[in-house]
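These notes concern the structure reproduced below.
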Amino acid sequence: AASHNAEADKVRKVKAAEAEAEARYLSGLGVARQRKAIVKGLQASVSEFSEDVVGTNPKDVMDILLLSQYFDTLSTVGANSLILEHDPSTVANLQRQVGESFMTSSKAKDLLS
């Protein structure tokens, strides 16, 4: 009886681990789909704005979006009483770092393809 109980306990633990792994996998798929939808929306917004506003280009739109996201972050962080440096050079540096990060990840993706 003890060996049957031990075997049953082992099966329960294995099934629980498999279920947790599957749940994490599905959660990752959900996050990936969410990010893909966000990127599609941003692409559409950048494209529409660039076409509708004479004299702008996609970089101008991305600069505006990045600044908007930065202010949203400041607002959220400010609600938690944290202080962030936000002078123009810091924002420009943040913009440069994000842009470089996107370019690096894009190049890495191209290499893996």
Considering non-hydrogen atoms only, spot the tightest contact between Phe49 and Val61 and give its length.
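Heavy atoms of Phe49 and Val61 come nearest at CD2-CG2, 3.1 Å.
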
To the nearest 0.5 Å, what is the distance between [atom1] ([X]) and [atom2] ([Y])?
X: His4; Y: Asp9; atom1: NE2; atom2: CG; answer: 14.5 Å
X: Asp63; Y: Lys59; atom1: CG; atom2: NZ; answer: 3.5 Å
X: Leu65; Y: Asp60; atom1: CG; atom2: CG; answer: 11.0 Å
X: Lys36; Y: Lys40; atom1: NZ; atom2: NZ; answer: 5.5 Å
X: Glu22; Y: Lys15; atom1: CD; atom2: NZ; answer: 12.0 Å

Evaluate Lys10 against Glu7 for side-chain contact (heavy atoms from CB on, under 4.5 Å), listing each step before the verdict.
CA-CA 5 Å; Lys10 176 184 167 187; Glu7 187 64 29; 4.3 Å; yes

So, the side chain of Ser45 versus the backbone of Gly41: is there a donor-acceptor pair under 3.5 Å, distance only?
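Yes, the answer is positive, given that a donor and an acceptor are paired below the 3.5 Å cut-off.
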
Side-chain donor/acceptor of Ser68 to backbone N/O of Ile64, under 3.5 Å:
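Checking the backbone N and O of Ile64 against the side chain of Ser68, no donor-acceptor pair under 3.5 Å is found.
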
Other residues, nucleotides, ligands: >12 heavy atoms within 6.0 Å of Arg35 CZ:
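At most 12 heavy atoms, drawn from other residues, nucleotides or ligands, come within 6.0 Å of this atom.
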
Quick one: do Val46 and Ile38 end up in the same hydrophobic cluster if we chain Ile, Leu, Val, Met, Phe, Trp and Tyr together by side-chain heavy atoms under 4.5 Å apart?
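Yes, it is one cluster - the side chains of Val46 and Ile38 are joined through contacts under 4.5 Å.
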
